[in-house]
Amino acid sequence: MTAAYPNLRLRRTRAWGWSRALHRETVLTPADLIWPLFVTEGSGVEEPIASLPGVSRWSADGIAARAKEAVSLGIPCVALFPNTQADRRSDDGAEAFNPDNLMCRAIKAIKDACGSDIGVLTDVALDPYTSHGQDGLLDAAGYVTNDDTVAVLVDQAINQAAAGADVIAPSDMMDGRVRAIRMALEMNGHPNVQIMAYAAKYASAFYGPFRDAVGSGGLLKGDKKSYQMDPANGEEALREVALDLAEGADSVMVKPGLPYLDIVRRVKERFEVPVFAYQVSGEYAMIEAAAAAGAGDRDALVLETLMAFKRAGCSGVLTYHAAHAARLLGN
Ligand code: PBG
């Protein structure tokens, strides 16, 4: 610093709007947003999700309409999550690699409606398909096995890529799954399908409303602590990221978002790769509850939190507020 008060007054550049605009270090645009969408069976169906006020499940036709809306708002990518019918869930989650499953039909509906105007990101993990709500296969003791699960996740990923998915996003936290999926994509004619690895995904209390949305919450017994990360750990997040990059991830994700911005920053500084964060369902619900209680202005809370992700080093953010934020930002 070259000067001292009063020659130096940091408030000088803050005094007027034009000057604040000129000195702003971070920009947030609709192109920074990925919009997660929940898919349900039927046609013309919209099912509001009670624990995520303002968010609905849509049938495939409605998903295509949301994707068109995203394109018109300048949002470059949507993320899909299916609410699989109860009678299609099983211990082994085999519906995950049914080429005609809800996910594949939604991917195709978007591609028919929007072509390559939008990216489709698909989640790889078994929880929307298993009768026990865990992300992988259980052994006799109820432990989520790693290697058997990876084999199934590979089938799930190839199924999604064949239906037209652009970005495979493994959220299961099994060891070695990025390498296995990358090799299978290469061998099956999908060299340009990306992998965004949920690299540092924590065993978090913020996922509750999401589990309602995909219908796995009521099924899940116990927790996911034997595969998702301990919220106490930061060094381990860096190891997870290093492994996923070495295995072929094109980008990495930190999840949840706001409580883990320190991890975002450390990953960005250490690896200098595209980092994304997922502002998860519980974070969305917290903002909505605060606004509904009069504890803060909804629009301002939404934009401030999204800007914080950009400032921390994110290339983009998965957020249920994507469409609303894009409207506020104007395209
Ligand atoms: C599935 C998955 C979860 C989320 C994204 N993918 C839930 C979980 O791991 O239990 C959470 C997203 C959110 O809360 O918005 N593996």
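Whatever order the structure lists them in is the order used to number ligands and atoms, beginning at 1.
To the nearest 0.5 Å, the span separating CG on Asn188 from CD1 on Ile158 amounts to 4.5 Å.
Contact between Gln279 and ligand 1 is absent, with no heavy atom of the residue lying under 4.0 Å from the ligand. The closest approach between Lys201 and ligand 1 falls below 4.0 Å for a heavy atom of the residue.
Contact annotation for Asp123 and ligand 1: only side-chain heavy atoms (C-beta onward) come within less than 4.0 Å of the ligand. Contact annotation: for Tyr278 versus ligand 1, heavy atoms closer than 4.0 Å belong to the side chain alone.
Between the side chains of Ser51 and Asp212, at least one donor N or O lies within less than 3.5 Å of an accepting N or O. Side-chain atoms of His324 and Asp299 include a donor-acceptor pair closer than 3.5 Å.
For atom 14 (O) of ligand 1, the nearest non-hydrogen atom of the protein is Ser281 OG, 2.7 Å. Looking at atom 11 (C) of ligand 1, its nearest protein heavy atom turns out to be Lys255 NZ, 2.9 Å. Atom 1 (C) of ligand 1 has Asp127 OD2, 2.9 Å as its closest protein atom, hydrogens excluded (heavy atom only). In this structure, atom 8 (C) of ligand 1 lies nearest to the protein heavy atom Lys224 NZ, 3.3 Å.
Every atom of ligand 1 with a heavy atom of Asp135 under 4.0 Å away is listed here by number and element: 16 (N). Counting the atoms of ligand 1 from 1 in the order shown, those under 4.0 Å from a heavy atom of Ala125 are 16 (N).
Phe81 and Tyr278 have tilted rings, their planes meeting at an angle from 30° to 60° on a 0 to 90° scale.
For atom 13 (C) of ligand 1, the nearest non-hydrogen atom from the set Phe81, Phe210, Tyr227, Tyr202 belongs to Phe210.
Relative to the six-membered ring of Tyr227, Lys224 misses at least one condition, a distance below 6.0 Å or an angle of at most 45° to the axis. In this structure, Arg66 is not positioned above the aromatic face of Trp35 in the sense of NZ or CZ being under 6.0 Å from the six-membered ring centre and within 45° of the axis. By the 6.0 Å and 45° rule, Lys255 does not stack over the aromatic ring of Phe276.
Here the side chains of Leu28 and Leu303 are in contact, with some heavy-atom distance below 4.5 Å.
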